[in-house]
Every structure is written in C-alpha cells, then in structure tokens.
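Every heavy atom of this structure was used, including side-chain atoms; hydrogens, water molecules and symmetry mates were not.
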Amino acid sequence: MEGDKGKLCVTGGTGFIASWLIMRLLEHGYSVRTTIRPDPEHKRDVSFLTSLPGASEKLQIFQADLSDPESFEAAIEGCTGVFHVASPIDFEDKEPEEVVTKRAVDGTLGILKACLNSKTVKRVVYTSSASAVAFSNNVVDTMDESFWSDVDYIKSIKSSLGYFANYMISKTITEKKALEFAEENGLDLVTVIPSLVHGPFICPKFPGSVHTSLAMILGEKEEYGALISGSMVHTDDVARAHIFIFEYPDAKGRFICSSHTITIEEMSKFLSAKFPEFPIPTVESLKDIRGYKAPGMSPKKLLNSGFEFKYGLDEMFDDAIQCCKEKGYL
C-alpha cells in the first residue's frame with residue numbers, strides 16, 4: 001500500500017498527539033503504519049483510527065510495546081520516516097521513577113536501533129515535552145532550546161508535582177539519550193518540544209493537557225496550580241510542526257513548539273469574557289493559588305525555519321470545548 005509520498009511510522013497511535021498526527025499525515029498523502037500496545041483480547045476500540053479518511057487504504061496498525069523494544073521492528077521496516085510519539089506515563093503513580101524512565105529510554109533506543117537497521121529511515125522526529133526544558137533553578141522569563149530541565153531539581157520539588165514528576169524526569173533523560181544515540185550513530189533525529197497542548201482531539205480518552213487547560217471551566221481547583229503561568233499550543237499546530245520538521249531539509253536538534261504564554265489571572269479574564277455561561281473563578285479568588293511559575297517557551301527557532309502557527313487562544317478553547325461537548329465531557 002505505497003502512498004504517493006511514501007511510508008511513515010507513528011508510535012503510540014491511540015494517544016492524543018499521535019492520533020491527530022496520523023489523521024494529518026493521511027491527508028498529506030502519506031501511507032502510515034502506527035503502533036499500539038498489545039491487546040490480546042481485542043478489547044481496545046481503534047475505530048477512531050480505522051475510520052479516518054484514507055485509513056482503509058493507507059493505515060496499518062501494528063502491536064508493539066516500549067517494554068519490548070524489538071517489537072517495533074516490523075512496523076518500522078521499509079519506512080522512510082518515524083515519528084516517535086509514544087511515551088510511558090503512570091497516572092496512578094504506581095511505579096518508581098526509575099522503572100518509568102528505564103522503559104522510556106530502553107524503548108526509545110530500541111526504536112532508534114530499528115531505524116538504523118532498516119536502512120530506509122531517513123529521519124526520526126521524536127516528540128519531547130516542555131517538561132524537558134522548563135524545570136530548573138534558572139530564573140528567566142523565556143527559555144529556548146539550549147535549556148534543559150534539572151532532574152535533581154525536579155526530584156527536590158517532587159511532592160508538589162505528584163505523578164507528573166516521573167513523566168518530567170523520563171522525558172528529560174530520554175530526549176538527552178536519544179540525541180546522544182543519534183549523534184554517535186549518524187542518525188538524523190530531530191526533537192519537537194510542545195508546551196501544554198490544548199484543543200480538539202479524536203482519541204476516546206480525555207487528554208490530560210486538555211483537562212488541565214480546561215480546569216477553570218470544569219471547576220477542578222486542584223489543577224489551578226498548574227496554570228499559574230504557562231505556555232500553550234493548539235493540537236493541530238503541534239501536528240503541523242511535526243510534519244514541517246520532518247519535511248524541512250535543514251532541521252537539526254531541538255525545536256520548541258509553543259504559540260502562547262498566559263498567566264492564571266489573564267486566563268481568568270479571557271475565559272470570563274469569552275464564556276460567560278461558565279462560572280469562571282475571579283482573579284480575586286485565585287490570589288492564594290500556589291504553583292510552579294513556568295517560564296515562557298520561545299518558538300523562535302521553529303518560526304525562523306519558516307513555520308507559521310495558525311491558531312490562537314480563541315481556537316484552542318473553542319475547539320477543545322466543542323470537542324468535549326461532543327464526547328460528553330462537558
């Protein structure tokens with residue numbers, strides 16, 4: 001099933017970003033192979049992928065798991081590019097950080113080895129996270145790709161970060177290991193670093209970043225601390241950036257993908273004016289909220305390469321709310 005533009009692999013196909021990326025790649029004329037975690041009893045519903053326009057001709061689904069790196073080889077064989085989006089995240093905080101990180105690193109390095117062995121993969125795009133950049137003792141207003149999160153610092157504030165601390169540590173270490181491996185082995189690997197991804201979704205699960213972004217609309221006060229100050233980007237801009245970076249011949253290293261920075265006070269005013277039908281907390285009522293004041297994320301490198309963001313805060317919230325209503329979350 002060769003597509004006009006060739007065959008690509010996307011890992012973690014049932015996830016928030018990966019599923020949207022698959023939809024866009026099919027629209028761009030690529031044939032796509034995606035990996036999902038093994039499902040021996042066939043209980044997982046993947047119809048949201050198989051029903052995508054073009055999927056019947058151009059989408060193949062393979063079973064693979066990060067804890068078994070060799071399981072990705074069949075999906076990668078014969079592909080010209082790989083988007084490694086899959087990432088282990090333990091929402092229930094049941095596993096030690098070392099276990100989560102080891103699975104992420106071993107799985108990623110296994111995938112990169114399969115890319116080398118394929119002899120056909122020309123570029124790998126690895127999906128990192130702003131959590132691999134923003135968390136350190138550095139006191140600056142804005143960070144670029146030269147900044148890295150400090151694992152020891154994250155561990156020191158772990159109690160205030162909950163399960164998310166393990167994710168931050170694993171994303172930081174895994175991205176570093178991936179870039180080191182690529183450098184040592186002559187593999188063309190580029191990383192995309194999205195900030196908080198907000199907007200529509202086609203996966204059945206309510207994405208964590210959308211849930212957090214909508215905390216004021218959902219009235220979930222325990223999430224407000226994550227909104228003290230942060231950067232955001234629309235789902236579709238993230239997918240578009242992945243495709244842009246894959247196709248851009250001169251892409252090298254890391255690329256931050258973030259279009260807006262907003263404080264919790266600004267978000268309160270914005271949402272109150274835009275969505276009067278929801279009981280948005282007032283700026284006054286948010287004065288005692290405590291959380292990590294994340295620096296802004298500079299997308300200058302991505303913009304200087306020729307990429308343009310298409311969506312603003314209006315679309316992020318409009319699209320997310322519309323999607324949540326359609327799926328019964330609002």
Side-chain angles (χ1 to χ4, degrees), residues 8 10-13 15-30 32 52-53 81 83-87 123 125-134 142-145 171 175 190-203 206-214 226-227 229-248 250-251 253-262 266-267 270-271 274 294-324:
L8 305 177
V10 178
T11 67
F16 171 31
I17 295 172
S19 56
W20 198 273
L21 175 60
I22 290 167
M23 178 176 73
R24 289 294 180 236
L25 286 169
L26 291 170
E27 287 176 5
H28 274 67
Y30 288 104
V32 181
L52 288 170
F83 293 89
H84 179 26
V85 192
S87 181
R123 174 169 287 170
V125 179
Y126 171 75
T127 310
S128 187
S129 160
S131 59
V133 174
T142 309
M143 289 185 168
D144 61 18
E145 291 82 2
K171 289 305 277 189
E175 188 190 354
V190 188
T191 69
V192 176
I193 304 169
S195 55
L196 196 66
V197 184
H198 189 33
F201 51 99
I202 58 170
C203 56
F206 197 166
S209 60
V210 180
H211 191 271
T212 297
S213 304
L214 292 177
L227 301 173
S229 173
S231 299
M232 306 174 87
V233 62
H234 191 282
T235 317
D236 199 48
D237 275 335
V238 174
R240 290 175 56 249
H242 276 74
I243 298 168
F244 175 85
I245 289 300
F246 174 69
E247 294 178 344
Y248 178 55
D250 298 329
R254 312 172 87 198
F255 286 83
I256 286 172
C257 179
S258 183
S259 59
H260 290 75
T261 300
I262 188 168
E266 289 166 345
M267 190 182 284
F270 169 79
L271 294 176
K274 187 167 173 60
M297 297 274 119
S298 171
K300 192 174 175 185
K301 182 181 175 185
L302 182 61
L303 296 173
N304 286 347
S305 301
F307 182 78
E308 293 179 3
F309 291 104
K310 277 174 67 173
Y311 306 92
L313 287 171
D314 283 295
E315 290 93 346
M316 287 183 213
F317 280 94
D318 283 340
D319 294 350
I321 288 169
Q322 179 63 29
C323 199
C324 287

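Closest approach of Y248 and R123 over heavy atoms only: O-NH1, 2.6 Å. Residues A18 and G13 share a closest heavy-atom pair of CB-CA, 4.0 Å. The two residues V190 and G253 have their closest heavy-atom pair at CG1-O, 3.2 Å. Nearest heavy-atom pair across S213 and M267 is O-SD, 4.1 Å. Shortest non-hydrogen contact noted between F255 and S305 is CE2-OG, 3.5 Å. Among all heavy-atom pairs drawn from A130 and M297, the shortest one is CB-SD, 3.9 Å.
Judged by distance alone, the side chain of E315 and the main-chain N or O of G312 form a donor-acceptor pair under 3.5 Å. Looking at T235, its side chain does come within 3.5 Å of a backbone N or O of P200 through a donor-acceptor pair. For the pair S19 (side chain) and I202 (backbone), a donor-acceptor distance under 3.5 Å is absent. Side-chain atoms of S258 do not come within 3.5 Å of backbone N or O of P194 as any donor-acceptor pair. Put simply, the side chain of S209 gets close to the backbone of V197: a donor and an acceptor are under 3.5 Å apart.
Remark: W20 CH2 to R240 CZ distance equals 12.5 Å, nearest 0.5 Å. Note that CG of L214 is 6.0 Å distant from CD1 of I321, once rounded to the nearest 0.5 Å. With rounding to the nearest 0.5 Å, the separation of CG in L52 from CG in L25 is 11.0 Å. D314 contributes atom CG, which lies 4.0 Å from atom NZ of K274 (distance to the nearest 0.5 angstrom). Put simply, CE on M232 and CG on L313 are 6.5 Å apart, with the number rounded to the nearest 0.5 Å. Taken to the nearest 0.5 Å, the CG atom of L26 stands 10.0 Å off from the CG atom of L8.
The shortest distance between side-chain heavy atoms of F309 and P299 falls below 4.5 Å. V238 has its side chain out of reach of L21: every pair of non-hydrogen atoms, C-beta onward, lies at least 4.5 Å apart. Side-chain contact check for L302 versus I245: some heavy-atom pair is nearer than 4.5 Å. Two residues are said to be in side-chain contact when any heavy atoms from C-beta on lie closer than 4.5 Å; D237 and K310 meet this criterion.
The only option from K171, H84, H242, E175 that meets the side-chain hydrogen bond (donor to acceptor under 3.5 Å, both in side chains) definition with T127 turns out to be H242.
Salt-bridge check for D144 with K301: failed, with every basic side-chain N at 4.0 Å or more from each acidic carboxylate O.
Between H234 and Y311, the angle of the ring planes stays under 30°, which puts this pair in the parallel group of the 30/60° scheme.
At a cut-off of 3.5 Å, with distance as the only test, no side-chain donor of S231 or S195 sits close to an acceptor on the other residue.
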